[in-house]
Student: 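One structure follows; several queries about it will come next.
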Amino acid sequence: MDLEEVETVAVLGAGTMGHGIAEVAALAGFDVALRDIKEEFVRAGHERIEASLSELAERDEVTTDEADAALDRIEPVVEMEAAVSDADAVIESVPEKRDVKRNVYREVGQYLGEEAILTTNTSALSVTELSEVIERPEDFCGMHFFNPPVRMQLVEVTPGAYTHDGTVETVMALARAMGKTPMRISRDEPGFVVNRVVAPLLNEAAWLVHDGVASAEEVDATARYGIGLPSGVLRLADDIGLDVLADVLGYLHEEFGPAYEPCPLLAEHVEAGDLGEKTGAGFYGYDEEGRPSSEISSDAIREDVERRLLAVMANETAKLVGADVASPTEIDEALMLGAGFPEGPGTLADRAGLTSLYETLAERQADAPRYAPAEALVERAGAGENFHNDFSETDSESFSDLSIEIVDRVGHVTLDRPHRRNTITRDLLDELVEAVETLEDDPEVRAILLTGAGEGAFSAGADVQRIAGDADAIDGVELARKGQRAFASLEKCDMPVVAGIGGDCFGGGMELAAAADLRVAAHDAELGQTEHEFGLLPGWGGTQRLPDLIGESRATEVILTAARYDAETMATYGFVNEVVDGDDVTERALDVARDLSAGPPIAQRYTKRAIRAGRQSREAGLEVEAHAFGQLLNTEDIVEGVAAYLGDHEPTFEGK
Ligand SMILES: C/C=C/C(=O)SCCNC(=O)CCNC(=O)[C@H](O)C(C)(C)COP(=O)(O)OP(=O)(O)OC[C@H]1O[C@@H](n2cnc3c(N)ncnc32)[C@H](O)[C@@H]1OP(=O)(O)O
């Protein structure tokens, strides 16, 4: 069956995942049958969808009409025949028990049309094993969504041993039609990619508490503020459900042996009925609104805990790479899109140093077999290699948080953290300085263009989650200086710099744009110095550069109100030079940069310097201006400029 033939989708199971998948399918325009074994379960799922759709409408993510239409497309049913007999695609999302799923498939088989495809949202079980009770295993495939489906981008598409390629293609296309990013998993190994990393990570977090090495608060503080995992790890376990986690780990343990021995704390919580947020208790207590009993404090980071969590993630990444389940890049992408990691486990491990993470595992191996280093990790660490050693493909520098491309004579720098709205970390600041140096050293490059990757964001400013980890005042001062120096390197660069603002441009993102020479913004971009919302101030040059650009009165208004402005208003304030249609912003900003790259380099350099000097004092500025004027009279560029004027042709400035 091709995607074009899919009109009706049946979702089996109206629980946490099932209702979310049904919502996404309905929003994508499919007719949906939502089925569960009892009327009350289906009704509860339907109510959750209704609540979620009205929340989306309140947040203007969909219109009220779209939300109403999506709800109308969902038919709650209890009878299996009514659910699947007209379905073109079935997504099974019943509890993670092999026998329960197999029984459902047997029942589905009695009513399913001959052409229909059957998929499973299993997060860990072998697709091949599940398919063994299915009449047409060639039309069966793994289609694993992440929680909550309406927000999480990834769908792991895992073919079993009997799945036809055509079925995989249709499932990939169906995921795309539902607005998701499908990733084809090369091998049907239990846990696929995301759970294979996340489950052992959460297990290790639980062991740390169980063994009395660290408190839950310390483990989560380290995960959130040290490593940058937004939900912490034990909090994430509570969110997933300790019963679900225990099941996944139990299965991995059964399949792969002692490396996945579940921490006894999980079974203890499950036996006590404390399954996490959904029951109001787990590693933390939760109130009726799902708010945890205690906040994760940023001053409880533990270096030893960080190393253990990173070492376990590195080991799992190596196992997946070694077994050809996915490449380091795919694993990184899967964890970012499916688990909301700010960076993938391969990148995090590379940064921490594979050799030292290997040593952490090797030292601990005597305590428990789960630390046995994977062969692929031993090899890489032994050879001094990283997961991402293939940087040699880019000729000089290797960047992970931004990318550089030379287009004509423009060095195009793209902030490349789209999953977190291109927020700015310490690493990104370091890379920005390196990128500017690289471009300045390249004689072919005569202008810089700065944009943000993905749709809808130039940069949402400093990654506040990471900043909150810098509770120490000295560290905070250093962080401010780091940003100031990085943005100054852009401002002081001799070439013209253009910022193409394609969407959200807040806080440090706006300070970065202010360090450019010209700003082209999309019509629907929003800008603001929103630091006061967080009890911060624009610490990356914003209190100085913004008044220089738009005057003290407006700058004070922008900073003190922390308001979010549209691009037109920012153009009237003098911050934005040009406002264009959203789709055109990169192209137009590139045109501006391209035009500037044809300008006279020495005159451009001195103009920037004179303007900067003038900010210190008018006299200093005029002095630079006068000397520069004198120097320019002695250049080949002025000869070319005058000749071009007299000869009525475009000048070719060489910067000599
Ligand atoms: C010296 C400098 C200081 C500063 O820069 S202070 C920070 C100033 N920045 C801001 O005020 C912007 C804060 N962010 C927002 O208001 C919203 O976000 C946006 C309007 C930019 C986007 O909203 P939406 O489209 O609804 O997306 P989403 O779900 O809110 O964000 C997507 C993911 O990006 C993360 N994120 C966004 N901004 C930041 C940030 N500044 N620091 C850390 N993370 C951020 C979110 O948390 C989320 O992540 P998940 O998908 O894991 O939930």
Side-chain angles (χ1 to χ4, degrees), residues 1-36 41-57 61-94 104-105 108 111-122 136 139-157 166-183:
M1 162 146 334
D2 293 333
L3 176 68
E4 294 73 49
E5 297 165 72
V6 178
E7 287 176 4
T8 304
V9 175
V11 180
L12 308 181
T16 302
M17 291 304 294
H19 89 270
I21 296 170
E23 179 183 358
V24 170
L27 278 169
F30 295 103
D31 290 327
V32 179
L34 176 64
R35 190 260 174 185
D36 212 315
F41 296 164
V42 191
R43 205 175 321 114
H46 197 260
E47 279 166 12
R48 287 170 83 177
I49 294 174
E50 195 171 359
S52 169
L53 286 170
S54 52
E55 206 179 301
L56 290 180
E61 292 182 40
V62 297
T63 64
T64 313
D65 285 351
E66 285 165 345
D68 291 345
L71 199 63
D72 280 351
R73 281 193 280 271
I74 300 173
E75 197 197 339
V77 283
V78 173
E79 294 305 317
M80 183 66 89
E81 182 175 3
V84 304
S85 53
D86 286 336
D88 305 305
V90 176
I91 305 173
E92 166 274 305
S93 184
V94 305
V104 167
Y105 303 151
V108 168
Y111 310 110
L112 194 62
E114 296 222 327
E115 302 290 315
I117 53 171
L118 174 58
T119 69
T120 173
N121 179 50
T122 181
R136 288 185 287 114
D139 291 333
F140 179 70
C141 189
M143 187 181 192
H144 177 216
F145 291 77
F146 290 81
N147 192 18
V150 76
R151 293 251 164 257
M152 300 311 280
Q153 201 53 35
L154 185 70
V155 175
E156 288 176 326
V157 176
T167 306
V168 182
E169 288 311 318
T170 304
V171 175
M172 300 275 289
L174 180 60
R176 274 188 219 102
M178 289 166 79
K180 301 295 161 192
T181 306
M183 179 175 289

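In this chain, residues are counted from 1 in sequence order. From a predicted model like this one, the values you see are computed outputs, not experimental measurements.
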Student: Checking side-chain contact (heavy atoms from CB on, under 4.5 Å) between F30 and each of V24, T8, V6, which is the one that passes?
Tutor: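 Answer after filtering V24, T8, V6: V6.
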Student: I'd like to know if the side chain of R136 and the backbone of E114 have a donor-acceptor N/O pair within less than 3.5 Å.
Tutor: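 Yes, the answer is positive, given that a donor and an acceptor are paired below the 3.5 Å cut-off.
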Student: So, does S85 use its side chain to make a donor-acceptor pair with the main chain of G113 at under 3.5 Å?
Tutor: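 No: the side chain of S85 does not pair with the backbone of G113.
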Student: Identify the heavy atoms of I49 and A22 that sit nearest to each other, and give their distance.
Tutor: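 Closest pair (atom of I49, atom of A22, distance): CD1-CB, 4.0 Å.
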Student: How close do V150 and S52 get, counting heavy atoms only, and between which atoms?
Tutor: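 For V150 and S52, the tightest heavy-atom pair comes out as CG1-OG, 4.4 Å.
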Student: In Å, rounded to the nearest 0.5 Å, how long is the span from CG of L12 to OH of Y105?
Tutor: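 The CG atom of L12 sits 9.0 Å away from the OH atom of Y105.
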Student: Working to the nearest 0.5 angstrom, can you tell me the gap between M17 CE and N147 CG?
Tutor: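 Between atom CE of M17 and atom CG of N147 there are 5.5 Å.
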Student: Give me each pair satisfying salt bridge (Lys or Arg N to Asp or Glu O under 4.0 Å) with a member in residues 82-94, each pair once, sequence neighbours excluded.
Tutor: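 Listed once each, the pairs are E92-K101.
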Student: Measure across A70 and A26 and return the closest heavy-atom pair with its distance rounded to 0.1 Å.
Tutor: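 Minimum heavy-atom contact is O-CB, 3.4 Å.
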Student: Kindly determine whether T120 and F140 satisfy side-chain contact (heavy atoms from CB on, under 4.5 Å), including the steps that lead there.
Tutor: CA-CA 8 Å; T120 173; F140 179 70; 3.5 Å; yes
Student: Rounded at 0.5 Å granularity, tell me how far CG in L112 sits from CG in D139.
Tutor: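 Answer rounded to 0.5 Å: 9.0 Å.
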Student: Has the side chain of K180 got a donor or acceptor atom that lies under 3.5 Å from a matching backbone atom of L174?
Tutor: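 It does not hold such a pair.
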Student: Is any side-chain heavy atom of M80 closer than 4.5 Å to a side-chain heavy atom of V108?
Tutor: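 M80 vs V108: side chains touch.
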Student: Considering non-hydrogen atoms only, spot the tightest contact between I91 and T119 and give its length.
Tutor: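 Where I91 meets T119 most closely, the heavy atoms are CA-OG1, 3.3 Å.
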Student: So for atom CD, which belongs to E115, do other residues, nucleotides or ligands contribute more than 12 heavy atoms lying within a distance under 6.0 Å?
Tutor: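 Count not over threshold, so no.
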Student: Quick one: CG on L56 to CZ on R151, what's the gap to the nearest 0.5 Å?
Tutor: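 Going from the CG atom of L56 to the CZ atom of R151 covers 6.0 Å.
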Student: To the nearest 0.5 Å, tell me how far L27 CG sits from L53 CG.
Tutor: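 One gets 5.5 Å once the value is rounded to the nearest 0.5 Å.
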Student: Determine the minimum heavy-atom distance between V171 and G142, stating which atoms define it.
Tutor: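 Scanning both residues, the minimum pair turns out to be CG1-O, 4.3 Å.
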Student: For residues A33 and A83, report the shortest heavy-atom separation together with the two atoms involved.
Tutor: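 In terms of heavy atoms, the two residues are closest at CB-O, 3.7 Å.
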Student: Answer yes or no: is there a side-chain heavy-atom contact under 4.5 Å between L71 and H46?
Tutor: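 Sidechains of H46 and L71: in contact.
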Student: Holding to side chain to side chain contact (heavy atoms under 4.5 Å, CB included), I want the full list of residues that pass it with T181, two or more places apart in sequence or in another chain.
Tutor: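 Counting only residues at least two positions away or on another chain, T181 forms a side chain to side chain contact (heavy atoms under 4.5 Å, CB included) with Q153, E333, L337.
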Student: Are E75 and D31 packed together at the side-chain level, in the sense that at least one heavy-atom pair is separated by less than 4.5 angstrom?
Tutor: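 Answer no - side chains too far apart.
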Student: Counting only heavy atoms not in E61, do more than 12 fall under 6.0 Å of its CD?
Tutor: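 Yes, CD of E61 has more than 12 neighbouring heavy atoms, counting only those of other groups under 6.0 Å.
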Student: Counting only N and O atoms by type, is there a donor-acceptor contact under 3.5 Å from the side chain of S93 to the main-chain atoms of N121?
Tutor: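 No; zero donor-acceptor contacts below 3.5 Å.
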Student: If you round to the nearest 0.5 Å, how far is SG of C141 from CE of M172?
Tutor: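 Here the rounded value is 9.0 Å.
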Student: Begin from the C-alpha positions of V32 and R73 and carry the test side-chain contact (heavy atoms from CB on, under 4.5 Å) through to its verdict.
Tutor: CA-CA 6 Å; V32 179; R73 281 193 280 271; 5.5 Å; no
Student: Please determine whether side-chain contact (heavy atoms from CB on, under 4.5 Å) holds for the pair R48 and T16, giving the CA-CA distance in whole Å, both sets of side-chain angles, and the decisive distance to 0.1 Å.
Tutor: CA-CA 9 Å; R48 287 170 83 177; T16 302; 3.7 Å; yes
